[in-house]
Amino acid sequence: MANKDNTDPARMEKIVSLCKRRGFIFQSGELYGGLNGCWDMGPLGAELKNNVKDMWWRRNVQERDDILGMDGSILTHQAVLTASGHVGGFSDPMCDCLLTKARLRADQIEPQSGTAYHFTGAKHEESGWSVDREYSVLLNKPNQDENKARKTAREFYAQFLSDKQISPKKLELLGESTTEETDVTNYNPDNGSLLTEPREFELMFKTTVGASADDNDPNAVAYLRPETAQSIFVQYKNVMDSNRIKLPCGIAQIGKSFRNEINPRNFTFRSREFEQMEIEFFCHPDDGMRLTDEWLETRLQWYEEVGIPREKLHILDVPDGERAHYSKKTYDIEYEFPFGIQELEGVAYRTDYDLGKHQEKSGKKLEYLDEETKERFVPHVVEPSAGCDRTVLALICEAFDEENLAQEGEKPDVRTVLHFSPKVAPVKACVLPLLKKNEEQVRIARELQKELQQWMVAQYDDGGAVGRRYRRQDEIGTPFCITVDFETLGEEGEDLKDTVTIRERDSMEQTRLSLTEVLPYLLKQIR
RNA sequence: GCGGGUGUAGCUCAGGGGUAGAGCGCAACCUUGCCAAGGUUGAUGUCGUGAGUUCGAAUCUCAUCACCCGCUCCA
């Protein structure tokens with residue numbers, strides 16, 4: 001593993017390029033120029049992602065008695081998201097600086113006091129162009145200087161004159177007045193420039209339901225869910241009522257969520273459409289903090305199992321003030337991506353905030369009765385919420401490697417290899433006849449592939465030299481290559497008849513197995 | 001959203017107002033008894049998209065889309 005150097009600035013580009021070249025991940029709508037923040041899984045990406053989801057579902061749902069699965073709709077009743085606070089509450093109003101175009105969160109602007117200089121417009125002396133628009137500059141005590149305000153105003157008006165050559169100095173301000181302002185938040189603290197009115201930014205995708213639906217009918221408005229969690233909370237009672245299950249217990253869901261991210265970045269890391277793997281684990285209020293810690297550990301073990309070493313995972317104990325308002329405790333599980341340490345999963349203790357809100361807004365009781373203690377309460381919830389696409393990206397980044405196999409003094413021989421765990425690798429095995437011209441080898445190889453395909457993704461390849469075929473499989477992370485050779489045919493003695501070599505991707509070492517042992521050998525390693 | 005950069009074959013990139021290029025990859029055949037880069041032949045491009053300038057635009061101009069870097073944002 002020669003080049004796991006995360007500091008290589010070209011590393012991410014190589015990964016993106018490999019993903020496209022070998023069919024892991026394509027840009028959505030590429031044929032038409034691409035759709036910002038959306039990505040398609042190619043054949044290998046789809047396998048890899050399915051394997052990740054399968055590992056998660058098996059460990060968290062099928063192998064546990066205390067968690068049930070569900071699969072909620074993506075289109076979401078707007079009342080659900082009003083109750084949860086997603087409608088209205090979370091789209092922060094933003095202001096733009098009229099001068100620098102900087103975007104500021106309206107609620108984070110420090111209130112200021114000072115003298116406001118108001119301008120009604122400006123005219124260019126030479127060309128006669130005029131800009132009829134009001135503008136103001138606020139200067140606080142130590143900086144109060146009329147000329148400074150004029151200078152800022154000239155810069156502002158100069159933006160609207162089509163000829164960029166025009167110096168702002170030749171602008172004539174049409175009218176001025178001043179007022180004293182106290183504790184105002186509509187000026188940019190950095191330069192005193194007036195800001196735009198605060199504007200709501202809709203971070204959810206809105207749509208309408210019904211054949212003749214129109215935007216003005218509030219009943220027709222629906223949203224693409226911004227998280228899978230809400231459908232779990234909303235169905236909590238139905239799930240509990242239809243299953244004999246007691247607290248502490250959870251509901252798990254894998255599915256797509258949608259957020260109109262202002263700025264999608266870093267390949268698939270921040271996308272507008274993404275898949276989540278979420279558990280809402282319900283419990284007595286006394287157990288919330290303890291279970292949060294337990295879930296953190298459970299989840300860390302899962303990441304290790306799918307192939308991310310513990311030392312590449314960072315735990316961020318999100319401090320007071322940075323957590324979501326409803327959360328009493330949040331751990332972020334982060335991974336060292338080539339572009340920085342970034343979040344894979346949040347394990348959040350959400351208290352009874354969600355069920356409490358839905359109980360309040362729907363008017364339906366969402367309490368739990370403990371039969372033993374006769375205690376009645378709204379369950380608290382611990383939420384391990386994992387990003388599926390982020391996990392897939394982390395697995396690819398972690399697996400990607402360029403090894404130099406050349407001895408000292410030789411020309412470099414670079415082997416590109418994806419060191420996926422056999423559990424998540426998109427292709428588990430490839431069967432190769434040593435010589436494609438040998439009909440018997442081809443027949444046996446094809447038969448073996450057919451047998452393996454009943455259980456796993458297994459390819460067949462007879463193109464070119466066998467070494468090249470091994471390298472091709474390395475590049476897509478196939479952990480095992482099985483070669484049918486002359487020994488298999490019995491040409492090297494009866495002992496070796498019906499045996500094949502199995503070549504392990506990471507060590508490149510080969511061992512010999514009888515044909516009947518191949519399937520059980522592989523099955524043991526891929527689950 | 002702002003600023004900077006990039007966009008030419010599947011990938012990496014060169015070129016440049018007048019016939020579209022290389023390496024790798026891919027396909028076919030030959031060769032090949034176990035770790036790429038052997039031989040022969042071949043296919044593939046709206047030069048990101050749209051307008052403008054021009055006799056002529058892949059090349060110049062503008063707009064737009066996408067990606068990358070920095071800032072901003074991330075319930």
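Below, chain A is the first sequence line, B the second, and so on; all start at residue 1. All figures in this text were calculated on a predicted structure; none of them were measured in a lab.
- Atom CD in A:Glu278 sits roughly 12 Å away from atom C1' in B:A75 (whole-Å rounding).
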| remark: Output field dot_bracket for RNA chain B (Watson-Crick or G-U, both distances under 3.5 Å, | for other-strand pairs) contains (((((((..((((....[..)))).(((((.......))))).....(((((..]....))))))))))))....

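- The side-chain ring of A:Phe486 is stacked on the base of B:G33, judged by centre separation under 5.5 angstrom and plane angle under 30 degrees.
- Computed from coordinates, the A:Arg272 CZ to B:C74 P distance equals 15 Å when rounded to whole Å.
- Under the 6.0 Å distance and 45° angle rule, A:Arg446 counts as a cation-pi partner of A:Tyr460.
- Distance from the side chain of A:Tyr326 is smallest for B:A75 among the nucleotides B:C35, B:A75, B:U32.
- Nucleotides B:A66 and B:C74, compared at atom P, are 22 Å apart to the nearest Å.
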| Base, backbone or nothing for each nucleotide of nucleotides 26-31 of chain B, written B, S, -, heavy atoms under 4.0 angstrom, 5' to 3'? | S---SS

| message | Using the rule given for side chain to side chain donor-acceptor pair (under 3.5 Å), can you reason through A:Asn263 versus A:Arg270, listing the C-alpha separation, both sets of side-chain angles and the distance that settles it, and then say yes or no? | response | CA-CA 8 Å; A:Asn263 192 0; A:Arg270 175 162 295 124; over 6 Å; no

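- B:G25 and B:G42: their C1' atoms are spaced 14 Å apart (whole Å).
- B:C35 atom P lies 10 Å from atom CE of A:Met508, rounded to whole Å.
- Computed from coordinates, the A:Arg323 CZ to B:A75 C1' distance equals 15 Å when rounded to whole Å.
- A donor-acceptor pair under 3.5 Å is formed between the side chain of A:Ser327 and the backbone N or O of A:Tyr349.
- You'll find the ring centres of A:Phe281 and A:Trp295 inside the 6.0 Å limit.
- Of the listed residues (A:Phe267, A:Phe274, A:Phe26), just one forms a ring-ring contact (aromatic ring centres under 6.0 Å, His included) with A:Trp39, and that residue is A:Phe267.
- Rounded to whole angstrom, the span from the CG atom of A:Leu195 across to the C1' atom of B:U72 amounts to 14 Å.
- Under the 30°/60° scheme for interplanar angles, the aromatic rings of A:Phe24 and A:Phe420 are found to be tilted.
- Comparing B:U72 with B:G1, their C1' atoms sit 8 Å apart, to the nearest whole Å.
- Contacts of A:Gln27 with the nucleic acid, taken as non-hydrogen atoms under 4.0 Å apart, involve only primed sugar atoms and P, OP1 or OP2.
- Residues A:Asp413 and A:Trp39 each lie close to RNA chain B; by heavy-atom proximity, the contact nearer the 5' end of the strand is made by A:Asp413.
- Applying the 4.0 Å criterion to OP1 and OP2 of B:C74, one finds that A:Asn260 has every side-chain N and O outside that range.
- With 3.5 Å as the limit, one finds no donor-acceptor pair spanning the side chains of A:Thr499 and A:Glu487.
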| request: Spell out protein contact along nucleotides 44-50 of chain B as letters: B when the base is contacted, S when just the sugar-phosphate is, - when no protein heavy atom is under 4.0 Å; keep the 5' to 3' order. | output: -------

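- B:U8 and B:C67 are spaced 15 Å apart, taking the P atom of each and rounding to whole Å.
- Looking at A:Gln441, its side chain has no donor and acceptor atom pair within 3.5 Å of the base of B:G33.
- Between the CD atom of A:Glu492 and the C1' atom of B:C34 there is a distance of 13 Å, given to the nearest Å.
- Not less than 6.0 angstrom separates the ring centroid of A:His77 from the ring centroid of A:Tyr223.
- Of all heavy-atom pairs spanning A:Leu434 and A:Arg469, the tightest one is O-NH2, 3.3 Å.
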| A:Val381/A:Asp352 under side chain to side chain contact (heavy atoms under 4.5 Å, CB included): CA gap, chis, key distance, verdict | CA-CA 6 Å; A:Val381 68; A:Asp352 60 354; over 6 Å; no

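- Within residues 15-24 of chain A, the residues approached by RNA chain B to less than 4.0 Å at the level of any non-hydrogen atom are A:Ser17, A:Lys20, A:Arg21, in residue-number order.
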| message | Does A:Glu475 form a side chain to side chain donor-acceptor pair (under 3.5 Å) with A:Thr416? I'd like the steps, not just the answer. | response | CA-CA 5 Å; A:Glu475 215 182 11; A:Thr416 302; 4.5 Å; no

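- A:Asn404 has its CG atom 13 Å from the P atom of B:A36, to the nearest Å.
- In this model, no side-chain donor or acceptor of A:Glu261 finds a partner on the base of B:C74 within 3.5 Å.
- In the set B:A75, B:C68, B:G33, the nucleotide with an atom closest to the side chain of A:Ala324 is B:A75.
- A donor-acceptor contact shorter than 3.5 Å links the side chain of A:Glu517 to the backbone of A:Ser514.
- As judged by a 4.0 angstrom heavy-atom cut-off over every strand, A:Arg415 is placed among residues making no nucleic acid contact.
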| request: Assess whether salt bridge (Lys or Arg N to Asp or Glu O under 4.0 Å) is satisfied between A:Glu273 and A:Lys256, documenting all intermediate values. | output: CA-CA 7 Å; A:Glu273 172 173 344; A:Lys256 286 278 179 81; 2.8 Å; yes

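- One C1' atom belongs to B:G16, the other to B:C11, and the distance between them is 22 Å to the nearest Å.
- When the P atom of B:C11 is taken as reference, atom CD of A:Glu13 falls 14 Å away, rounded to whole Å.
- Distance noted for atom C1' between B:C62 and B:A57: 14 Å (whole Å).
- For the C1' atoms, the distance from B:G48 to B:G23 is 23 Å, rounded to whole Å.
- Test A:Asp461, A:Thr483, A:Thr478 against A:Tyr470 for side-chain hydrogen bond (donor to acceptor under 3.5 Å, both in side chains) and you get one pass: A:Thr483.
- Nearest-nucleotide positions on RNA chain B for A:Glu30 and A:Arg469 put A:Glu30 closer to the 5' end.
- Across all strands shown, A:Phe267 has heavy atoms under 4.0 Å from sugar-phosphate atoms exclusively, and none from any base.
- Straight-line distance between the C1' atoms of B:G21 and B:G45: roughly 11 Å, to the nearest whole Å.
- A:His358 and A:Gln230 share a side-chain donor-acceptor pair at under 3.5 Å.
- The line from CE of A:Met70 to OG of A:Ser231 is 4.0 Å long, rounded to the nearest 0.5 Å.
- Considering only residues two or more places apart in sequence or on other chains, A:Phe258 meets the ring pair (Phe, Tyr, Trp, His ring centres under 6.0 Å) condition with none of them.
- One distance of note links SG of A:Cys397 with CZ of A:Arg390; it measures 12.5 Å at 0.5 Å rounding.
- Using the six-membered ring where Trp is involved, A:Phe339 and A:Phe269 have ring planes that are perpendicular, over 60° apart on the 30 and 60° scheme.
- Closest to the side chain of A:Asn36, from the set B:A75, B:A66, B:C69, is B:A66.
- For A:Tyr470 and B:C34, a side-chain-to-base donor-acceptor distance below 3.5 Å is present, hydrogens and geometry of angles not being considered.
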So which protein nitrogen or oxygen atoms get under 3.5 Å of nucleotides 1-3 of chain B's nitrogens or oxygens?
from: B:G1; atom 1: O4'; to: A:Arg103; atom 2: NH1; distance (Å): 3.2
from: B:G1; atom 1: O6; to: A:Asn263; atom 2: ND2; distance (Å): 2.2

